[in-house]
Amino acid sequence: MFKWAIIFAVIALVAALLGFGGIAGLSADFAKILLVIAVVLVVLGFVFGRGGRRTLP
């Protein structure tokens with residue numbers, strides 16, 4: 001997810017440098033959305049965890 005956010009951010013930067021404002025804005029919006037989703041998933045992963053639970057013998 002972070003990889004796609006970075007890709008869209010790079011596309012936005014290149015499009016902005018070339019003067020394509022609409023594409024740059026849209027790509028920047030996608031990058032922000034993907035970044036927020038990725039951060040939420042990481043936080044949920046830390047909160048709920050994937051590790052096994054310990055049991056008492």
According to side chain to side chain contact (heavy atoms under 4.5 Å, CB included), who are the partners of Ala28, at least two apart in sequence or on a separate chain? Ala12
According to side chain to side chain contact (heavy atoms under 4.5 Å, CB included), who are the partners of Val43, at least two apart in sequence or on a separate chain?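 Partners of Val43 under the side chain to side chain contact (heavy atoms under 4.5 Å, CB included) test: Val39, Val47.
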Applying the 4.5 Å side-chain criterion to the ILVMFWY set and letting contacts propagate, would Leu26 and Ile7 be lumped into a single cluster?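 Yes, because Leu26 and Ile7 connect within a single hydrophobic cluster, where side-chain heavy atoms sit under 4.5 Å apart.
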Examine Ile11 and Leu17 and state if one hydrophobic cluster contains both, with Ile, Leu, Val, Met, Phe, Trp and Tyr joined whenever side-chain heavy atoms are less than 4.5 Å apart. no
Smallest heavy-atom separation, Ala5 atom then Ala31 atom, equals O-CB, 3.5 Å
Once you round to the nearest 0.5 Å, how far does CG of Leu13 lie from CG of Leu18? 11.0 Å
Sequence neighbours excluded, every pair satisfying ring-ring contact (aromatic ring centres under 6.0 Å, His included) that has a member inside residues 4-26: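 Matches after skipping sequence neighbours: Phe8-Phe30.
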So if I apply the side chain to side chain contact (heavy atoms under 4.5 Å, CB included) rule between Ile33 and each of Val36, Leu35, Ile37, which one comes out positive? Ile37
